[in-house]
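Please read these numbers as outputs of a predicted model, since none were measured by experiment.
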Amino acid sequence: MSMKAMKPVKEGKVREIYDNGDSLIMVATDRISCFDVILNNIVTKKGTVLTQMSKFWFDLTEDILPNHMISVDVNDMPEYFRQPQFDGNSMMCKKLNMLPIECIVRGYITGSGWASYQKDGTVCGIRLPEGLKESDKLPEPIYTPSTKAEIGDHDENISFEQSIAHLEKYFPGKGEEYATKLRDCTIALYKKCADYALSRGIIIADTKFEFGLDENGNVVIGDEMLTPDSSRFWPADGYEPGHGQPSFDKQFARDWLKANPGNDWTLPQDIVDKTIGKYLQAYELLTGKTL
């Protein structure tokens, strides 16, 4: 019996999206990108960790907001997906009309936020208390949305007021309603998940959510949720403000590439192993399960 091959309708650096009629199938591959370049290495199991981690958070937050997940069981998907390379890393999702805002929330000061604060005491235009140290916990999480840039451009940080105007362009008469809902849901989701993660030994320093509208116009969580690719996870054990923190993500890979120019975008196997080790460790800490 021949099986109908399917082609992705959209291919990102790491993910592939297939059109399944009234649903989408999102596949997180084992590709890894650093500095916006896809490396020549395959990081075995990385896609599965990301997909199963999103599933875990989607299940945890259904009381706050519905999400786009239908199933992560390939037996619910077309036969083409019942192949080893799709098992565990594929998610069948509702089709949404995505809202053109990246919803970023920061609970700790780090990265570009820390650089901005050192310059003028603000992060994305929000004034913060004086005397914060790098990696300090903020008194309250801050919402710093950005617009989704076209491929090749950088996302642009915008204020809450600008997010209203931006959404109003796409959804006349709804800008304020949607902008407020995105901000409030982003902060509520972050607070619940960051509290949970902390109880499991992981600090979620910041993260990014994306939302869309379902066929009834309800706001729904889309894309991926609280993975090391969309968030900064730090070990709570050994956390101390005053400097950068080690993280559960591509830091090993990034550091090695920086230290080894002429690397031809290829990592040695031990760096690959350390990188997936970090992803697996985060998954096991958060879910209490081994993959």
Side-chain angles (χ1 to χ4, degrees), residues 49-69 72 91 101-114 117 123-124 126 128-129 131-146 160 179-211 218-249 251 278-291:
V49 177
L50 297 187
T51 298
Q52 299 301 324
M53 202 177 271
S54 284
K55 176 192 187 298
F56 172 79
W57 294 116
F58 286 151
D59 288 340
L60 188 76
T61 53
E62 279 174 333
D63 58 329
I64 297 178
L65 200 67
N67 57 69
H68 70 163
M69 177 173 68
V72 293
M91 184 180 287
I101 298 272
E102 305 244 307
C103 298
I104 298 161
V105 53
R106 304 164 192 261
Y108 294 72
I109 190 158
T110 181
S112 61
W114 170 243
Y117 176 78
V123 172
C124 300
I126 299 169
L128 293 176
L132 292 176
K133 299 195 288 292
E134 184 177 5
S135 309
D136 256 337
K137 185 174 187 191
L138 297 170
E140 271 298 307
I142 56 172
Y143 175 62
T144 59
S146 74
F160 176 67
T180 303
K181 175 106 181 163
L182 292 188
R183 177 193 64 196
D184 294 351
C185 288
T186 294
I187 291 193
L189 290 165
Y190 173 77
K191 282 185 165 170
K192 176 170 188 173
C193 297
D195 285 351
Y196 170 83
L198 196 54
S199 77
R200 312 284 312 187
I202 288 184
I203 290 169
I204 302 174
D206 51 38
T207 193
K208 155 191 112 174
F209 300 119
E210 295 193 33
F211 300 91
N218 301 312
V219 174
V220 172
I221 310 171
D223 204 58
E224 62 181 335
M225 183 173 183
L226 285 161
T227 70
D229 277 13
S230 65
S231 325
R232 278 194 182 90
F233 289 171
W234 298 336
D237 186 22
Y239 162 70
E240 56 166 17
H243 53 81
Q245 309 297 310
S247 61
F248 286 97
D249 64 359
Q251 211 50 54
K278 278 284 166 213
Y279 280 81
L280 287 166
Q281 190 191 359
Y283 178 82
E284 287 167 16
L285 278 171
L286 286 168
T287 64
K289 293 205 272 276
T290 48
L291 201 62

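- Smallest separation of non-hydrogen atoms from Tyr143 and Cys103: OH-SG, 3.6 Å.
- Qualifying side chain to side chain contact (heavy atoms under 4.5 Å, CB included) partners for Phe56, counting only residues two or more places apart in sequence or in other chains: Tyr196, Thr287.
- Side-chain atoms of Arg106 do not come within 3.5 Å of backbone N or O of Asp206 as any donor-acceptor pair.
- Put simply, the side chain of Ser230 never gets that close to the backbone of Thr207: no donor and acceptor are under 3.5 Å apart.
- Taking the side chain as every heavy atom from C-beta outward, Met225 and Asn67 never approach each other to under 4.5 Å.
- Smallest separation of non-hydrogen atoms from Pro241 and Lys133: CB-CE, 4.2 Å.
- Lys278 approaches Ser247 most closely through the heavy-atom pair CD-O, 3.7 Å.
- Within the 3.5 Å criterion, the main-chain N or O of Val49 finds no donor-acceptor partner in the side chain of Tyr279.
- Atom CG of Asp237 is surrounded by 12 or fewer heavy atoms from other residues, nucleotides or ligands within 6.0 Å.
- Nearest heavy-atom pair across Ala197 and Trp57 is CB-CH2, 4.3 Å.
- With His68 contributing its side chain and Asp223 its backbone, the two residues share a donor-acceptor pair below 3.5 Å.
- A side chain to side chain contact (heavy atoms under 4.5 Å, CB included) with Met53 is found for exactly one of Leu286, Asp229, Leu291, namely Leu286.
- Proximity of a side-chain donor or acceptor of Lys192 to a complementary backbone N or O of Leu60 within less than 3.5 Å is detected.
- Closest heavy-atom contact between Thr227 and Ser231: O-OG, 2.8 Å.
- One finds the CD1 atom of Ile142 at 13.0 Å from the OG1 atom of Thr186 (value rounded to the nearest 0.5 Å).
- With hydrogens and angles ignored, the 3.5 Å screen pairs a side-chain donor or acceptor of Gln245 with a backbone N or O of Glu240.
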Check against side chain to side chain contact (heavy atoms under 4.5 Å, CB included), Tyr190 and Leu226
CA-CA 9 Å; Tyr190 173 77; Leu226 285 161; 5.5 Å; no
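- Closest heavy-atom contact between Pro235 and Pro246: CD-O, 3.2 Å.
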Step-by-step side chain to side chain contact (heavy atoms under 4.5 Å, CB included) determination, Ile203 to Phe233
CA-CA 6 Å; Ile203 290 169; Phe233 289 171; over 6 Å; no
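- Expressed to the nearest 0.5 Å, how far OG of Ser112 lies from CD1 of Ile104 amounts to 8.0 Å.
- At least one side-chain heavy atom of Phe160 sits under 4.5 Å from a side-chain heavy atom of Thr180.
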As a quick check of understanding, evaluate side chain to side chain contact (heavy atoms under 4.5 Å, CB included) for Leu65 and Phe209, giving each step before the final call.
CA-CA 12 Å; Leu65 200 67; Phe209 300 119; over 6 Å; no
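- Contact of the Gln251 side chain with the Arg232 side chain is not registered, since no non-hydrogen atoms from C-beta on lie closer than 4.5 Å.
- Taken to the nearest 0.5 Å, the CG atom of Asp195 stands 8.5 Å off from the OG atom of Ser199.
- Under the side chain to side chain donor-acceptor pair (under 3.5 Å) criterion, Tyr108 pairs with no residue at all, not counting sequence neighbours.
- A salt bridge links Asp59 with Lys55: the closest approach of a Lys/Arg side-chain nitrogen to an acidic carboxylate oxygen falls below 4.0 angstrom.
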Using the rule given for side chain to side chain contact (heavy atoms under 4.5 Å, CB included), can you reason through Arg200 versus Ile202, listing the C-alpha separation, both sets of side-chain angles and the distance that settles it, and then say yes or no?
CA-CA 6 Å; Arg200 312 284 312 187; Ile202 288 184; 5.7 Å; no
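- Here the straight-line distance linking atom NZ of Lys208 with atom CD of Glu102 works out to 4.0 Å at 0.5 Å rounding.
- Contact of the Leu138 side chain with the Leu132 side chain is registered, since non-hydrogen atoms from C-beta on lie closer than 4.5 Å.
- Not one N or O on the side chain of Ser135 forms a donor-acceptor pair closer than 3.5 Å with the backbone of Gly242.
- Between the OH atom in Tyr239 and the CG atom in Asp136 there is a gap of 5.5 Å [rounded to 0.5 Å].
- With values rounded to the nearest 0.5 angstrom, Asp184 atom CG is found 10.5 Å from Leu189 atom CG.
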